[in-house]
Amino acid sequence: MCTQLSPCHADGTPHTVATHPEQGWSLLCDGTIHFDDTGELHPDGSIIPPHRLTPAA
């Protein structure tokens, strides 16, 4: 991971260090990539799939 990223806050709460709304993602200080569709890709390769709400029928 890049060592030039700003460190996370002392309380451990990740904050955004780079954002690309035109591409739909943001980079957090802990190396996590957060996607606008609510999915995440963690530095260890684990993922959190998008958790979109489905409209009521």
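Values reported hereafter were calculated over all heavy atoms of this structure, with side chains retained and with hydrogens, waters and symmetry mates removed. Bear in mind that the values here come from a model prediction, so they are computed numbers and not experimental data.
Rounded to the nearest 0.5 Å, atoms CD1 (I33) and NE2 (H42) are 10.5 Å apart.
Looking only at side-chain heavy atoms (C-beta outward), T16 and L28 come within less than 4.5 Å of each other. Between F35 and L41, the closest side-chain pair of non-hydrogen atoms falls below 4.5 Å. Side-chain contact check for T32 versus P43: some heavy-atom pair is nearer than 4.5 Å.
Cluster annotation: W25 is not connected to I48 through the hydrophobic network of ILVMFWY side chains, with a link wherever side-chain heavy atoms come within less than 4.5 Å.
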